[in-house]
There are 4 protein chains.
Amino acid sequence: MAINTQTAEELRLFINRIEALNNEKANIVADIQEVFTRAKSTGFDPKIMREIIKIRSKDKIDLEEEEYLINAYKKALGMEEDNA
Amino acid sequence: MAINTQTAEELRLFINRIEALNNEKANIVADIQEVFTRAKSTGFDPKIMREIIKIRSKDKIDLEEEEYLINAYKKALGMEEDNA
Amino acid sequence: MAINTQTAEELRLFINRIEALNNEKANIVADIQEVFTRAKSTGFDPKIMREIIKIRSKDKIDLEEEEYLINAYKKALGMEEDNA
Amino acid sequence: MAINTQTAEELRLFINRIEALNNEKANIVADIQEVFTRAKSTGFDPKIMREIIKIRSKDKIDLEEEEYLINAYKKALGMEEDNA
DNA sequence: TCAGATAAAATCGCGC
DNA sequence: GCGCGATTTTATCTGA
């Protein structure tokens, strides 16, 4: 075999570590799913919840820039702007 | 073989027809991609364009309902509503 | 506003074109659905048909992929790749 | 407003929980990144490592899938499935 | 920065 | 009708 024992062992450790972290990640993703499911069964709309979470995670400047662009495009297309 | 010639031929025709339609669909998807790419190189933001297209395809009532919910959730969380 | 008449017209053309292509795509998707429906009423199982279509589209790709993976393994083990 | 104090508190808890889990997830993703970076600086190719990890996670799934596809073919040809 | 790959999210269709 | 699984669409990430 062209690869030496030392190197093979290092690779094995890296791979194992990443696979363990991937498992942890999968567990957390499952937990998140479960919270959304419980929230839904309590009567909350998961889609709106995702919207809220997204808004809270984005900083205000980005949101304003995005909204500004949307309004500019709407106006260019002759659509009415948000006035609400 | 357990399946008769007549049936096999029918299946073959259905499959062929679907595969042809899938090809047409793939071509159209590629065309859409190309338009987005050209729009981008002209200076338009594809993400905002997608937003606009989504807004135009949704009817007004759905949008208002969604916005109403978002504001209700924001208020429940002590976040400020959109007043812009 | 940030978008002048010239630019607004360009944007309008891009959006219109994409919306038209989206409509074409929706029509084709509906056609595909209709073929599946007819096939089903003829006695074929749509799920199995989808499997067959998937297999047929993947067969060629899989062979190439397999060769690629073999080379990846070899490389990871310090063996030389096929260059043929 | 449509959401009373009790309900608002429930919503707040759900959102907080999800945001906390999202943070944990982000930390793990950062850890994974860091392992790849260290492995790369040790001389391993991250792309190949990803391939290996993918292969290892798919190996078992692929075997089950292959068997399933064989049955799909048999069924499509009117032959009986394995029931073992 | 950009295209191509990867992962996440939304949508659709089935069965219970 | 509602969750569940599969497909498709969207967003993020990586390497060139």
Side-chain angles (χ1 to χ4, degrees), chain A residues 18 21-22 25-26 28-43 45-54 57-58 62 66, chain B residues 18 21-22 25-26 28-30 32-34 36-55 57-58 62 66, chain C residues 18 21-22 25-26 28-30 32-37 39-40 45-51 53-54 57-58 61 64-65 68-69 72, chain D residues 18 21-22 25-26 28-37 39-40 44-55 57-58 61 64-65 68-69 72:
Chain A
I18 290 167
L21 289 167
N22 277 338
K25 183 162 80 109
I28 290 176
V29 168
D31 287 350
I32 292 171
Q33 256 323 106
E34 198 236 320
V35 178
F36 273 116
T37 300
R38 266 192 300 123
K40 182 177 185 178
S41 74
T42 311
D45 183 332
K47 181 171 175 177
I48 304 293
M49 289 177 68
R50 286 179 197 276
E51 282 283 330
I52 295 285
I53 290 166
K54 191 184 298 177
S57 77
K58 269 192 193 179
D62 284 350
E66 192 170 305
Chain B
I18 290 167
L21 288 166
N22 277 339
K25 182 161 80 105
I28 289 175
V29 168
I32 292 171
Q33 256 324 105
E34 198 236 321
F36 273 115
T37 300
R38 266 192 299 124
K40 184 178 184 176
S41 75
T42 311
F44 297 110
D45 183 333
K47 181 173 176 177
I48 305 293
M49 290 176 68
R50 287 178 198 277
E51 282 284 330
I52 295 286
I53 290 166
K54 192 185 297 177
I55 289 169
S57 76
K58 270 192 192 178
D62 284 349
E66 192 170 305
Chain C
I18 290 168
L21 288 166
N22 277 338
K25 184 162 77 108
I28 290 176
V29 168
I32 292 170
Q33 264 318 106
E34 197 238 322
V35 177
F36 274 116
T37 301
K40 185 176 185 177
D45 182 334
K47 183 171 177 175
I48 303 293
M49 290 176 67
R50 286 177 198 276
E51 284 297 334
I53 290 165
K54 192 188 295 180
S57 79
K58 271 194 178 174
I61 296 167
E64 290 165 4
E65 196 171 321
Y68 172 75
L69 292 182
Chain D
I18 290 168
L21 289 167
N22 276 339
K25 184 161 77 106
I28 290 176
V29 168
D31 286 351
I32 292 171
Q33 263 319 104
E34 198 238 323
V35 178
F36 273 116
T37 301
K40 185 175 185 178
F44 297 110
D45 182 336
K47 182 172 177 174
I48 302 294
M49 291 177 66
R50 288 177 198 276
E51 284 298 333
I52 291 174
I53 290 165
K54 191 189 296 179
I55 291 164
S57 79
K58 271 194 178 173
I61 296 167
E64 290 164 3
E65 196 172 320
Y68 172 75
L69 291 183

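Numbered from 1 within each chain, the chains take letters A, B, ... in sequence-line order.
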Under the side chain to side chain contact (heavy atoms under 4.5 Å, CB included) test, residues paired with A:Glu34 that sit two or more places apart: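 A:Glu34 satisfies side chain to side chain contact (heavy atoms under 4.5 Å, CB included) with A:Arg38 once adjacent residues are dropped.
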Residue list, side chain to side chain contact (heavy atoms under 4.5 Å, CB included) with D:Asn22, at least two apart or on another chain: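 By the side chain to side chain contact (heavy atoms under 4.5 Å, CB included) rule, D:Asn22 matches A:Ile32, A:Ile53, D:Ile18, D:Lys25.
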Rounded to the nearest 0.5 Å, how far does CG of A:Asp31 lie from CZ of A:Phe36?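 These two atoms lie 12.5 Å from each other.
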Please round to the nearest 0.5 Å and tell me the distance separating atom CG of C:Asp45 and atom CZ of C:Arg50.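 So the gap between those two atoms works out to 10.0 Å.
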Residues which pass side chain to side chain donor-acceptor pair (under 3.5 Å) with C:Lys40, listed by chain and number, not counting sequence neighbours: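 Once residues adjacent in sequence are excluded, C:Lys40 has no partner under the side chain to side chain donor-acceptor pair (under 3.5 Å) criterion.
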Got a sec, which residues hit side chain to side chain donor-acceptor pair (under 3.5 Å) with A:Lys58, two or more places apart in sequence or on another chain?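 A:Lys58: side chain to side chain donor-acceptor pair (under 3.5 Å) contacts with A:Glu66.
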Which nucleotide span of DNA chain E, 5' end to 3' end, has atoms closer than 4.0 Å to non-hydrogen atoms of chain D?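 For DNA chain E, the relevant span reads E:dT6 to E:dA8.
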If the sugar-phosphate is the primed atoms plus P, OP1 and OP2 and the base is the rest, what is the B/S/- string for nucleotides 9-15 of chain F, using protein heavy atoms under 4.0 Å? SS---SS
